[in-house]
Amino acid sequence: MGADAQLALPSLLNASKDSDAVVRQVAVDAMRRIGPPVASDGQLLLAALKDSNAAVRMYGLESAEKLGVNARNAAPALKEMLRDPDVDI
């Protein structure tokens, strides 16, 4: 999608803080689909990886996987996920 997708970042960041877990899931999924540079924004990825909802954390994990080395800033949060209480993660 490219650099024009960067315009979506403020809206995605707002959606990632929504009280509704489905809205947060959609924000993280959009980030994953857009890819860099939006997905490289550490705020949204870290918020997803630390979310209280397991499905949101899973979307964050899938986003980090897609980003590969571009997700290196998320390494500490990914390491924490090894102890995630949800067995599916």
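These numbers were taken from a predicted model, which means no experiment stands behind them. The residues of the chain are indexed from 1 along the displayed sequence. Side chains included, hydrogens not; waters and symmetry mates left out as well; all remaining heavy atoms used.
A single hydrophobic cluster is seen to contain both Leu13 and Tyr59, as judged by linkage of ILVMFWY side chains at heavy-atom distances under 4.5 Å, directly or through other members. In the hydrophobic clustering of this structure, Leu12 does not group with Val23; members are Ile, Leu, Val, Met, Phe, Trp, Tyr whose side-chain heavy atoms approach within less than 4.5 Å, directly or through other members. In this structure, Leu78 is a member of the same hydrophobic cluster as Val56, with clusters built from ILVMFWY side-chain heavy atoms closer than 4.5 Å.
Atom CD of Glu62 has more than 12 neighbouring heavy atoms from other residues, nucleotides or ligands inside a 6.0 Å radius.
The shortest heavy-atom contact between Asn73 and Leu46 is O-CD2, 4.4 Å. Minimum heavy-atom separation, Ala77 to Leu49: CB-CD1, 3.9 Å. Nearest heavy atom pair, residue Asp20 against residue Val22, reads OD1-N, 2.8 Å. Shortest non-hydrogen contact noted between Ala15 and Ala27 is CB-CB, 3.7 Å. Residues Ser16 and Arg24 come closest through the heavy atom pair O-CD, 3.2 Å.
Residues Leu45 and Val28 have side chains not in contact (no heavy-atom distance under 4.5 Å, counting atoms from C-beta outward).
A salt bridge between Arg33 and Asp29 is present, with a side-chain N of the basic residue lying under 4.0 Å from a carboxylate O of the acidic one.
Between the side chain of Arg57 and the backbone N or O of Asp51 there is at least one donor-acceptor pair closer than 3.5 Å.
Taking CG from Asp86 and CG from Asn53, the interatomic distance works out to 9.5 Å, rounded to the nearest 0.5 Å.
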